[in-house]
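Below is one structure, written out as structure tokens; comments come after it.
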Amino acid sequence: MDNCLPALFLRIRFQRLPRACFRHWQIATGFLLAIGAFHHALADDEISDTSPRTTLPESADQTPVMTLEPMTIMGTALPQPLKSNTSILKGRSLRLQQGDTLGTTLDKELGLSNASYGPGVGVPVIRGLTGSRVRMLQSGIGSHDATSLSPDHAVAIEPLFAEEIRIIRGPETIKYGGNAIGGIVDVKDHRIPERAPQNLIDGSIESRYDTNGHGTNSAFKLNLGKDWLALSLGGFLRDRGDIRIPGKPIDEAFIQQQFGLSDVQNVTGKIPNTDSKSTGGFAGISWLGQSAMAGMSISHMDNRYGVPKGSHGLDPNHLDGLELILPQLDDLTGFEDIFGPQALFPSIRMNMRQTRYDFKGEWYEPVRGIERIGFRYGLVDYQHTEIEGGTPFTLFKNDVGEGRFEIDHNFFQRLTGTVGVQWINRDFAALGVETFVPETRQQSLGLYTTQQYAWDNWTVSSGLRFEQSRINPRADQLSLRGSALPPIPLPDEMKYRAVSASASVQWHPLKDTSVMLLFNHSKRSPDIQELLSLGPHLSTRSFDIGNVQLTNETMNMIDLGFSLKKERFGLRVNGYYSRANNFIYQRNTGLVYEIDNEVIRQRCVSQAECVSIFAYDQRNAEFIGYESELEARLYRLAQGDVLLTVFSDYVRGRFVQGGRDDIPRLPPLRYGAELGFSHAKWHTALRYTRAEAQNFPGENETRTRGYHLLTASADYQMGLGKWADLWLFVRGTNLLNQEIRSAVSFLRNFAPEPGRSLVFGLRATF
């Protein structure tokens, strides 16, 4: 499918398309022509339509009374009030926060954290929940990568293409199924164009340089078209070296505690094998009618990155690198049988590829009472290869088709809503040496509705979803080669049914004040890896054990929010409590598995091959937390404003069944302030964040120390004649060069967060 991409990305090639590609283009072309013909047939009927329409008064002189020239406002004002459970990142704020991964891009947002696994992987964490509980969407359709399968897998969404990122927790999550039980992150990139450019062509070019790792990022977007036809093209290139850090990557105290070993090879100042290189691009086309549109896009991404070596073991050819546990030997002669390549697991690289085919069709106001009929479909071909010591070991494949059909109505003056259906077909396979999950087919179907009723100062919203999923493993048992563990029989099919509901009440006692009370009752069916894992997974230095007895997970959440927006200040506060019944989690058993000897032990005997054993289990749990933010305009000057933002967020999670143990890998208490100066053409800001120590790490997990994070940014906007604008910016991160070990990172004891970093960039729009 990769050969089907148009040769309009970073490198242009002219070649004959294979037969399968013509088949995809025929389907796409037929899709566009069918909708176009249908619309023209409707347009013929509309010629005789005598229904009243809003028109300008007729006059003998049709000359406009006044013509206004377009004007761009570059200043910064306090943001408009949003729903307390919704965050939108766009414009200048989005451009400044964009990072190499989606997790780093959203790390500053309230209630969000970055589950890093080296710089090549960054997965958003919402209120302590991630993986199969947070849906990553690309313009409404799932990313369908392998992030839920394991924390070392990157999100297949490119942040540089994002025009808007929306984070939602509330009734709207009902639309996206049980895997949105913790929230959704929807990245809108407009690769299927929704408008034709005003002057036949517009676009942007952007380039960035990061001093940490000598990272370079370049991207372009181009929009072409006129009237009813619009095209879009885009491409990006990212390249970076090993991450620089202020101290040593491996936490030697952790090695002593977890493995009972004190002799550790370590390095200082960098994390080897954390370099990465990514390329990709897209092409989109749309037909734009007066009351309908249809479009499609094709996109491709290649992402090659290394996983920090401390998570795998030793490379006998690079003993001056980041080795784990090895006696201080200068010469390995005579020890090849013990410390050979097969036992030491050399550097692991990830080669990820994804090709997407996205289709979209919308029909606006087809009949009275129907605002929109929408159709979305995404076909995703995802795979990544885990390469150990230059040899491919395991291939992960995920072929997914996801569709969505929605009808938005306004039959009554105060009642609006959506009725829809969503379906997903997924074929998953892990092939090769490290096949710890069997080939599996998964299907799900969901019917949902969301409704909103408004009167006076009140708005009531509700949602209801019925979902059914089936999982069919293509194996009759789970077994571990060479192990004394008995095989685990598997059923031919596992079926799950889930009913989810939500309701919220929003009250506006004053013009600029809002109070919202939200209740969510959501169910999530177990995911493939939670049910069917069995075996060592060296990318996470773990031995994963699934549980075919898992049942639906149920989350009951109450969220109380308050927002206030005045001319000189704004306030947003959220407090929430969640009770999770049958919460699915990975429990650190405290045992270790020796890869070479294929045995389970309480302590390491062979120093190089120990991995921790994690088992999927269920227990009732509870979460309680808050998010708060105060924004104020301290001074209004003739040429700008002085702005102050004070913020804090926190989540605490505990099990309430079988003891009140802590839920592992939750973010600690954070608080801080940002002082900024906003001018018509330039802006500066200094932000300080204090993260306290995480003293509730979970069973058999290690605590993390608190840290101080200082960031700064400055940017300047200038015009280049009437055809283009130029935006220059610089952003500094971790200016105090602190050693930061993130409590939500699976790899925190082997790879801390990057040290001091300066990013210089420019963006031209035309």
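Both backbone and side-chain heavy atoms feed into the values below; hydrogens, waters and symmetry mates do not. None of these values were measured; they are calculated from a predicted model.
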Problem - Under-4.0 Å salt bridge between Arg568 and Glu631 - result: no
Completion exercise
Rounding to 0.5 Å, atoms OG (Ser139) and CD1 (Ile157) come to a distance of 9.0 Å
Handout entry: Any donor-acceptor N/O pair, Gln354 side chain to Ser143 backbone, under 3.5 Å
Key = yes
Exercise for the section: For Tyr650, check side-chain hydrogen bond (donor to acceptor under 3.5 Å, both in side chains) against everything at least two apart and list the hits. Expected result: none
Exercise for the section: Check Leu110 against Glu629 and note the closest heavy-atom contact, atom names and distance. Expected result: CD1-CB, 3.5 Å
Completion exercise
Closest non-hydrogen contact found for Arg376 with Asp358 is NH2-OD1, 3.7 Å
Practice task
Apply the test side-chain contact (heavy atoms from CB on, under 4.5 Å) to residues Thr711 and Thr689: give CA-CA distance (whole Å), side-chain angles for both, the deciding distance (0.1 Å), then the verdict.
Solution key: CA-CA 8 Å; Thr711 62; Thr689 302; over 6 Å; no
Problem - Backbone of Pro124 reached by a side-chain donor or acceptor of Thr130 within 3.5 Å - result: yes
Handout entry: For Thr211, side chain to side chain contact (heavy atoms under 4.5 Å, CB included) partners two or more places apart
Key = Tyr209, Leu758, Phe760
Completion exercise
Sorted by chain and residue number, the side chain to side chain contact (heavy atoms under 4.5 Å, CB included) partners of Leu666 (sequence neighbours excluded) come out as Phe623, Ile663, Gln694
Handout entry: With Arg670 via salt bridge (Lys or Arg N to Asp or Glu O under 4.0 Å) - residues at least two apart
Key = Asp107, Asp649
Handout entry: Smallest separation among heavy atoms of Val651 and Gly128, with atom names
Key = CG1-N, 4.3 Å
Handout entry: Salt bridge present between Arg240 and Asp210 (N-O < 4.0 angstrom)
Key = yes
Handout entry: Residue list, salt bridge (Lys or Arg N to Asp or Glu O under 4.0 Å) with Arg244, at least two apart or on another chain
Key = none
Practice task
Taking Tyr576 for its side chain and Arg127 for its backbone only, find out whether a donor-acceptor pair lies under 3.5 Å.
Solution key: no
Practice task
Determine, stepwise, if the pair Glu753 / Ser116 fulfils side chain to side chain donor-acceptor pair (under 3.5 Å).
Solution key: CA-CA 8 Å; Glu753 302 303 299; Ser116 63; 2.5 Å; yes
Handout entry: Any donor-acceptor N/O pair, Thr147 side chain to Val155 backbone, under 3.5 Å
Key = no
Handout entry: Heavy-atom check, side chain of Thr101 versus side chain of Val121, under 4.5 Å
Key = no
Handout entry: Test item: His153 and Asp145 side chains (from C-beta on) under 4.5 Å apart, heavy atoms
Key = no
Exercise for the section: Drop me the distance from His144's NE2 to Leu137's CG, to the nearest 0.5 angstrom. Expected result: 8.5 Å
Practice task
Determine the sole option in Asp100, Asp302, Asp275 for which the salt bridge (Lys or Arg N to Asp or Glu O under 4.0 Å) test with Arg238 is passed.
Solution key: Asp100
Practice task
State whether Glu172 and Arg166 are salt-bridged, where the test is any N-O pair (Lys NZ or Arg NE/NH1/NH2 against Asp/Glu carboxylate O) under 4.0 Å.
Solution key: no
Fill in the blank from the handout: Applying side-chain hydrogen bond (donor to acceptor under 3.5 Å, both in side chains) to His708 and not counting sequence neighbours gives Tyr688, Arg690
Exercise for the section: List the steps and the verdict of side-chain contact (heavy atoms from CB on, under 4.5 Å) for Phe750 and Ile271. Expected result: CA-CA 9 Å; Phe750 298 98; Ile271 311 177; over 6 Å; no
Completion exercise
Rounded to the nearest 0.5 angstrom, the NE2-OG1 distance for His508 and Thr513 is 9.5 Å
Handout entry: salt bridge (Lys or Arg N to Asp or Glu O under 4.0 Å) involving Asp715 - partner list, sequence neighbours excluded
Key = Arg92
Handout entry: Heavy-atom closest contact (Gly247 atom, Glu739 atom, distance)
Key = CA-OE1, 4.3 Å
Problem - Thr105 backbone acceptor or donor facing Gln97 side chain under 3.5 Å - result: yes
Problem - salt_bridge(Lys175, Asp186) N-O dist < 4.0 Å - result: no
Handout entry: Parallel, tilted or perpendicular: rings of His384 and Tyr382 (30°, 60°)
Key = perpendicular
Practice task
Just grab all the salt bridge (charged side-chain N to carboxylate O under 4.0 Å, His left out) pairs involving residues 194-203, residues at least two apart or on different chains.
Solution key: Glu194-Lys360, Arg195-Asp202
Handout entry: Arg748 (side chain) donor-acceptor with Ala743 (main chain) under 3.5 angstrom
Key = yes
Practice task
Taking the side chain as every heavy atom from C-beta outward, state whether Glu164 and Ile88 have any pair of such atoms under 4.5 Å apart.
Solution key: yes
Practice task
Look at the side chain of Asn273 and the backbone N and O of Val307, then say whether any donor-acceptor pair between them is shorter than 3.5 Å.
Solution key: yes
Practice task
Could you pull out all residues at least two apart from Asn749 that satisfy side chain to side chain contact (heavy atoms under 4.5 Å, CB included)?
Solution key: Asp251, Phe254, Thr702
Handout entry: Beyond-backbone contact of Ser232 with His190, side-chain heavy atoms, under 4.5 angstrom
Key = no
Handout entry: Inter-residue atom distance Ile184.CD1 - Ile167.CD1, 0.5 Å rounding
Key = 9.5 Å
Exercise for the section: Validate the cation-pi geometry between Arg191 and Phe282: distance from NZ or CZ to the six-membered ring centre under 6.0 Å, angle to the ring axis within 45°. Expected result: yes
Problem - Donor-acceptor contact present, side-chain Gln738 to main-chain Ile740, <3.5 Å - result: no
Problem - Expected output: side-chain Asp242 to main-chain Pro272 donor-acceptor under 3.5 Å - result: no
Exercise for the section: Mind checking the OG-CG spacing from Ser563 to Asn574? Nearest 0.5 Å is all I need. Expected result: 8.5 Å
Practice task
For the residue pair Thr355 and Arg353, establish whether any side-chain heavy-atom pair is separated by less than 4.5 Å.
Solution key: no
Fill in the blank from the handout: In short, ring pair (Phe, Tyr, Trp, His ring centres under 6.0 Å) pairs touching residues 712-749 with sequence neighbours left out are Phe614-Phe746, Trp727-Phe729
Handout entry: Polar side-chain atom of Lys221 near backbone of Phe161 as donor-acceptor pair, under 3.5 Å
Key = yes
Problem - All side-chain hydrogen bond (donor to acceptor under 3.5 Å, both in side chains) counterparts of Asn734, not counting sequence neighbours - result: none
Exercise for the section: Inspect the surroundings of CZ in Arg763 and state if more than 12 heavy atoms from other residues, nucleotides or ligands are less than 6.0 Å away. Expected result: yes
Exercise for the section: Count the heavy atoms of every other residue, nucleotide or ligand shown that sit under 6.0 Å from CZ of Arg95, and state whether that count exceeds 12. Expected result: yes
Practice task
Answer whether the closest heavy-atom distance between the side chains of Arg633 and Ser678 falls below 4.5 Å.
Solution key: no
Completion exercise
Sequence neighbours excluded, the answer for salt bridge (Lys or Arg N to Asp or Glu O under 4.0 Å) partners of Glu109 is none
Exercise for the section: Taking the side chain as every heavy atom from C-beta outward, state whether Glu362 and Met293 have any pair of such atoms under 4.5 Å apart. Expected result: yes
Handout entry: Over all atoms of both residues, closest heavy-atom pair of Leu669 and Ser648
Key = CD1-OG, 3.9 Å
Handout entry: Taking every non-hydrogen atom, the tightest pair across Asp239 and Ser276
Key = OD1-O, 3.2 Å
Practice task
Evaluate the side-chain proximity of Pro752 to Ile243: yes if any heavy-atom separation is below 4.5 Å, no if none is.
Solution key: no
